[in-house]
Amino acid sequence: MALARWLLGKHLVRRRDGVVTKHVITEVEAYDGERDLACHARAGRTARTEVMYAAGGVWYVYLCYGVHEMLNLVVGSRDWPAAVLIRGVAGVSGPGRLTKALAIDRRLNGAEAAPASGLWIEDDGSDVPARTVRATARIGVDYAGPVWAGKKWRFVIIDGAVAAVDERRSKSRRS
DNA sequence: TACTCGATCGGA
DNA sequence: CCGATCGAGTAA
C-alpha cells in the first residue's frame with residue numbers, strides 16, 4: 001500500500017523510437033497477495049500470475065476484457081504476489097487509455113522497470129502532499145466481495161482536472 | 001475441449 | 001445500459 005501511494009507523483013518514463021516522454025502518475029491501485037480476493041493471484045501461481053511472484057521491479061502487463069492492456073508494477077519481495085496497477089497519468093485518465101497512449105502492451109510483460117526495457121520510473125524528488133491524495137475503494141472488483149472490494153487501496157491525486165473527472169466517472173458507476 | 005467471465009471503454 | 005473481444009482459469 002505504502003509503495004502504491006509512493007508512486008503517486010513519480011514519473012512514468014517511456015522511450016519509444018528513441019523518443020523519451022515523462023508522465024506524472026496520478027492514480028494507482030494496490031493488489032496484495034493471494035489472500036486479496038481482488039488480486040489475480042488469488043488462485044495462486046498460474047501461467048499469467050507467475051510474474052507477480054517475482055521480486056519487485058518488473059512489469060506485469062495483461063489483456064483485460066479482450067480489449068485493453070493493463071500496466072502493473074510488480075512490488076514486494078520474491079514469492080509474495082503483489083502489484084500496483086497504474087490507472088492514470090497527468091492528462092490521461094483510465095488504465096486502458098494509458099497503455100494505448102504510451103504504446104504499452106504485453107511485450108513488456110516480465111520486463112524490468114529500467115531504461116533498458118524502454119519503460120521505467122523516475123523520482124524527481126518532488127513531494128506529493130498528503131492532503132492532495134485521496135484513498136478510495138478499487139474500481140471494478142466487486143467480484144471480490146464486500147471486504148476486499150471495500151479496501152481503500154486506490155490512491156488518486158485530487159489536485160487537478162483529471163482526478164475530478166475520474167471521481168465523477170467512478171461515482172456514476174455504482175448503483 | 002467447452003464454457004465463463006473479466007483490475008475497461010465508448011457509444012446508444 | 002450494452003456490446004466488443006479474447007485469453008486465462010476452471011470444469012469435465
Side-chain angles (χ1 to χ4, degrees), chain A residues 1-8 10 12 14 23 25-54 56-76 79-111 113 119 121 133-158 161-175:
Chain A
M1 266 28 73
L3 198 39
R5 238 224 63 159
W6 175 85
L7 279 172
L8 288 179
K10 301 300 179 290
L12 178 64
R14 179 67 164 139
H23 313 266
I25 297 172
T26 57
E27 181 183 352
V28 297
E29 267 178 13
Y31 291 86
D32 190 29
E34 296 176 354
R35 60 185 182 143
D36 177 3
L37 297 184
C39 181
H40 285 168
R42 61 186 174 278
R45 289 180 185 264
T46 65
R48 182 175 62 159
T49 63
E50 185 61 34
V51 66
M52 296 182 79
Y53 289 79
V58 299
W59 299 114
Y60 166 42
V61 185
Y62 71 94
L63 184 66
C64 185
Y65 294 104
V67 180
H68 306 288
E69 309 278 343
M70 297 282 129
L71 174 67
N72 300 253
L73 180 63
V74 174
V75 298
D79 294 329
W80 180 268
V84 177
L85 171 64
I86 313 294
R87 291 189 59 93
V89 295
V92 183
S93 182
R97 289 178 176 175
L98 165 61
T99 53
K100 185 177 180 184
L102 300 194
I104 292 164
D105 61 35
R106 283 164 288 172
R107 284 174 293 185
L108 279 162
N109 188 48
L119 186 66
I121 302 289
V133 176
R134 174 175 303 186
T136 79
R138 294 171 290 183
I139 306 296
V141 296
D142 287 348
Y143 61 81
V147 173
W148 290 99
K151 299 281 184 189
K152 296 190 174 178
W153 288 357
R154 168 174 173 257
F155 302 94
V156 190
I157 297 180
I158 61 177
V162 175
V165 169
D166 194 77
E167 278 307 297
R168 267 183 274 122
R169 284 183 62 234
S170 57
K171 276 180 182 171
S172 61
R173 182 173 296 276
R174 320 173 185 146
S175 64

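When reading the values below, keep in mind they use all heavy atoms of this one structure, side chains included, and skip hydrogens, waters and symmetry mates. All chains are named by letter (A, B, ...) in the order of the sequence lines, taking the proteins before the strands, and each is independently numbered beginning at 1.
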Minimum heavy-atom distance [X]-[Y], with the two atoms named:
X       : Y       : result
A:Leu7  : A:Ile25 : O-CB, 3.6 Å
A:Val61 : A:Glu69 : CG1-OE1, 3.8 Å
A:Glu27 : A:Leu8  : N-CD2, 3.7 Å
A:Pro95 : A:Leu85 : CB-CD1, 4.3 Å
A:Cys39 : A:Met52 : SG-CE, 3.6 Å
A:Ala30 : A:Met1  : CB-SD, 3.5 Å

- Any stacking of A:Tyr31 on B:dA7, going by centres under 5.5 angstrom and planes within less than 30 degrees? yes

- Of the residues in residues 98-107 of chain A, which ones touch DNA chain C at a heavy-atom distance under 4.0 Å? A:Arg106

Ignoring backbone atoms, test whether [X] places a side-chain nitrogen or oxygen under 4.0 Å from the OP1 or OP2 oxygen of [N].
X       : N     : value
A:Arg87 : B:dT8 : yes
A:His40 : B:dA7 : yes
A:Thr46 : C:dG9 : yes
A:Arg48 : C:dG7 : no

Let's see if you can work this out: which of [options] has an atom nearest to the side-chain heavy atoms of [X]?
X       : options              : result
A:Val67 : C:dT5, C:dG9, B:dT8  : C:dT5
A:Ala43 : B:dC9, C:dT10, B:dA7 : C:dT10
A:Arg97 : B:dG10, C:dG7, C:dA8 : B:dG10
A:Met52 : C:dC6, C:dG9, B:dA7  : B:dA7

Atom-pair distance ([atom1] on [X]; [atom2] on [N]), nearest Å:
X        : N     : atom1 : atom2 : result
A:Leu37  : B:dA7 : CG    : C1'   : 14 Å
A:Glu69  : C:dC6 : CD    : C1'   : 11 Å
A:Glu50  : C:dG7 : CD    : C1'   : 18 Å
A:Arg154 : B:dT8 : CZ    : P     : 10 Å
A:Leu63  : B:dC9 : CG    : P     : 13 Å
A:Tyr65  : C:dC6 : OH    : P     : 16 Å
A:Glu27  : B:dT8 : CD    : P     : 10 Å
A:Tyr143 : C:dA8 : OH    : C1'   : 13 Å

- Query: Within 45° of the axis and under 6.0 Å from the centre of the six-membered ring of A:Tyr31, does NZ or CZ of A:Arg138 qualify?
  - Reply: yes

- On the ring face of A:Phe155, is A:Arg134 found with NZ or CZ under 6.0 Å from the centre and within 45° of the axis? no

- Task: Please work out the stems of DNA chain B from pairs that are Watson-Crick or G-U wobble with both distances under 3.5 Å, keeping only runs of three or more consecutive pairs.
- Result: B:1-6 with C:6-11, B:8-11 with C:1-4

- With P as the reference atom in both, quote the distance from C:dG3 to B:dT4 in angstrom, rounded to an integer. 16 Å

- Task: Write down the distance separating the C1' atoms in C:dG7 and B:dG10, rounded off to the nearest Å.
- Result: 22 Å

- Could you verify whether a donor N or O on one side chain and an acceptor N or O on the other, from A:Asp36 and A:Trp153, lie under 3.5 Å apart? no

- Message: Base, sugar-phosphate or nothing for A:Ala144? Non-hydrogen atoms, less than 4.0 Å.
- Response: nothing

- Message: Salt bridge check, A:Glu50 against A:Arg45: does any charged N sit closer than 4.0 Å to a carboxylate O?
- Response: yes

- Task: State whether the distance check finds a donor on one side and an acceptor on the other, under 3.5 Å, for side chain A:His68 versus base B:dA7.
- Result: no

- Result for side-chain contact (heavy atoms from CB on, under 4.5 Å) between A:Arg87 and one of A:Asn72, A:Leu98, A:Leu71, A:Ile139 points to A:Ile139

